[in-house]
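Below is one structure, written out as structure tokens; comments come after it.
Atoms within each ligand, like the ligands themselves, are counted from 1 in listed order.
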Amino acid sequence: MFGSESSYEHRRQKTIQAQKLWQEEQEAWLPENEKHNGVLRLRKALQVDMKTICSGVCSIAEGKTIIFYGKDSEARRIDLAKASPAELEHLSSSCDHATFGRAKEDVLDETYRKAGKLNLEHFSATFDLLESRIMDVVRPFILQGDNEQFVTVRPELYKLNVYDKGAFFKAHKDTPRGENMVASLVVVFATAHEGDALVLRHKNKEWIFNSGVELASADSTPKVGYVAFFSDVEHEVLPVTSGYRVTLTYNIYLEKLLLNASSESEVIPRAPVFNMPNQAQSALSDLLLDPTFLPEGGLIGFGLCHQYPFRERVEDYGKQEREALQLILNILKGNDRAISNLCQGLGLKPFIRVIYSLRGGRAVVMIDHVVKGGTMGGYDGEDFISDELIKEMGGVWINSGGPHKFYYGEPPKEQRVRWITPMTSFNATDFSYMTYGNEASLEHAYGNFCLICKVGPVSDRIATRSTKASGSE
Ligand SMILES: O=C(O)CCC(=O)C(=O)O
Ligand SMILES: [Fe+2]
């Protein structure tokens, strides 16, 4: 067993504390001058508790709880619906020690994870995920209203794990096995076990799935428990105190749209399918029709609620970087996906943008790719850097806090982003650059990814809507 109750509680409190602080910071960050009733109403509607995990118990057909396992020609068979402790012990002792991903490699550290594992080549299960219909629940949870004609949710069996008495897995996030892996799914068999709750945390929320309790029941129909959660959800398996906990884990990928996504390509038309509560739909719809809101058109912004894997492209800097950033649109999770679908359903086209804060927050530049620093440098304090981002790299100067000196030609037009939900720092990025004044110094620019939509002038919005069925109510 790892640590004591109190050290677990201490860690839990620390996480909750940190998450509270994060939330407070985010709320404090929201521009105070946002008084527009329509924006406040939409923001409130978006604060609903969208699902971050999806769990339950489902009954499965007879004969679907059998595992064949072994590393040589003498494979064994175990039926998990009626296995004896001795049979379970044999399965457990046939396992390898489970490793876990740390800094891009798989490591074995039994103070962090103590469990048995079998890789795919060492077992075969009669359990059939599709037939179990668990995916019928998990798929809409992942898609958040997305049109399945264009996106596929593909589960891939990853491992079998056995947790015997004293086994555990401390808090971690699953290593993404591919850029389009968005979630994990754990299927737990109904072998007797206690103690082992799976605890999941995201932002300031916590969920517990205690499979030992959920699966213990008097009736004898075979059952499994399941928990699906997005890849950026921290989770841990508390120590098993008795029995054996046997699981199959699956990696869940979002596929298809990735093949031809690019920032230039048109967003594939989708039917306006919503998974957001009605209030959010009608609040956004009303806001867009409100002549007092951005009458000339402008930008609206949403902070991202989840973290996304992002790999910098090195080859063709510029174009590739732009495409790489927009690929995130295809793997949006939970709330972020629901917001993106909500916007698209009302005719808006969401983009991922990076918002860089420069010169200690006095200049804010929005740009369509992640900027690489290192070689950049300029004279006269730090002002050159926002010039560079705006004039050379297509950045947009937004929400600035004061006068700004520009070097080349006319000063750029400043735009304002109306933040519907606060910018978050889950997907933070930074770069450094040199400034030369009377002394050279190294400066940092900090950026966050967010979702931005361009909103047309009110006359266009009304004209578009009157040719479409209304999205509200
Ligand atoms: O068994 C579980 O409930 C979770 C296992 C897990 O976190 C993992 O395999 O990465
Ligand atoms: Fe995990």
Side-chain angles (χ1 to χ4, degrees), residues 2 8 11 15 52-58 67 80 88 91-92 95-120 122-123 125 127 129 134 138 155-178 181-202 206-216 223-241 243-253 306-307 309 333:
F2 75 85
Y8 166 67
R11 202 177 54 241
T15 319
T52 307
I53 77 154
C54 161
S55 66
V57 168
C58 91
I67 309 281
L80 294 172
L88 284 161
L91 174 66
S92 175
C95 286
D96 299 313
H97 296 283
T99 52
F100 60 96
R102 183 190 277 160
K104 295 193 177 153
E105 53 184 66
D106 276 334
V107 294
L108 176 66
D109 176 352
E110 293 213 327
T111 65
Y112 205 84
R113 180 183 200 185
K114 188 173 172 303
K117 68 142 188 209
L118 286 176
N119 287 343
L120 293 180
H122 296 142
F123 77 95
F127 175 73
L129 182 64
I134 289 174
V138 172
E156 181 183 80
L157 182 58
Y158 181 54
K159 275 184 187 21
L160 178 143
N161 287 110
V162 181
Y163 293 77
D164 61 357
K165 187 173 175 202
F168 61 86
F169 195 171
K170 286 193 191 177
H172 66 284
K173 287 181 188 172
D174 288 345
T175 316
R177 315 255 157 195
M181 175 174 157
V182 289
S184 300
L185 167 67
V186 183
V187 172
V188 192
F189 288 96
T191 52
H193 57 275
E194 289 177 332
D196 66 284
L198 172 63
V199 183
L200 307 107
R201 294 181 201 100
H202 186 255
E206 181 169 290
W207 301 263
I208 295 190
F209 185 76
N210 191 329
S211 52
V213 173
E214 300 279 342
L215 291 164
K223 284 188 217 64
V224 289
Y226 64 89
V227 188
F229 48 93
F230 291 117
S231 307
D232 60 335
V233 172
E234 182 191 273
H235 54 286
E236 70 180 297
V237 182
L238 300 184
V240 170
T241 52
Y244 295 85
R245 176 176 187 268
V246 184
T247 64
L248 294 176
T249 54
Y250 295 82
N251 296 331
I252 297 190
Y253 300 89
H306 289 275
Q307 194 178 21
K333 298 183 277 228

Can you list the atoms of ligand 1 that are under 4.0 Å from a heavy atom of D174?
10 (O)
If you compare T249, V237, L238 by their heavy atoms, the one closest to atom 4 (C) of ligand 1 turns out to be V237
Using a 4.0 Å heavy-atom cut-off, say whether F169 meets ligand 1 through its side chain, its backbone, both or neither.
side chain
Stepwise side chain to side chain contact (heavy atoms under 4.5 Å, CB included) check, D174 with N251:
CA-CA 9 Å; D174 288 345; N251 296 331; 5.9 Å; no
Need the atom name: nearest N/O/S atom of D174 to the Fe ion (ligand 2).
OD1
With carbon and hydrogen excluded and only N/O/S kept, which atom of H172 is nearest the Fe ion (ligand 2)?
NE2
Taking atom CD of E156 and atom OG1 of T249, what is their separation to the nearest 0.5 Å?
10.5 Å
Do the side chains of K170 and E236 get close enough for a salt bridge, i.e. N-O under 4.0 angstrom?
no
Return yes when H172 approaches ligand 1 closer than 4.0 angstrom through a heavy atom, no otherwise.
yes
closest protein heavy atom to atom 5 (C) of ligand 1 is Y163 OH, 3.5 Å
For atom 3 (O) of ligand 1, the option (of K170, H235, R113, R245) bearing the nearest heavy atom:
R245
Here the gap from K173 atom NZ to D232 atom CG, rounded to the nearest 0.5 Å, amounts to 6.0 Å
Report the relative orientation of the aromatic rings in F230 and H306; use parallel for angles under 30°, tilted for 30 to 60°, perpendicular for over 60°.
perpendicular
Looking only at the aromatic ring of each residue, does the gap between the centers of Y163 and H193 stay below 6.0 angstrom?
no
Does any part of the side chain of H235, heavy atoms only, come nearer than 4.5 Å to the side chain of F229, both counted from C-beta?
yes
Mind checking whether V188 contacts ligand 1 via backbone (N, CA, C, O), side chain (CB onward), both or neither, at a 4.0 Å heavy-atom cut-off?
neither
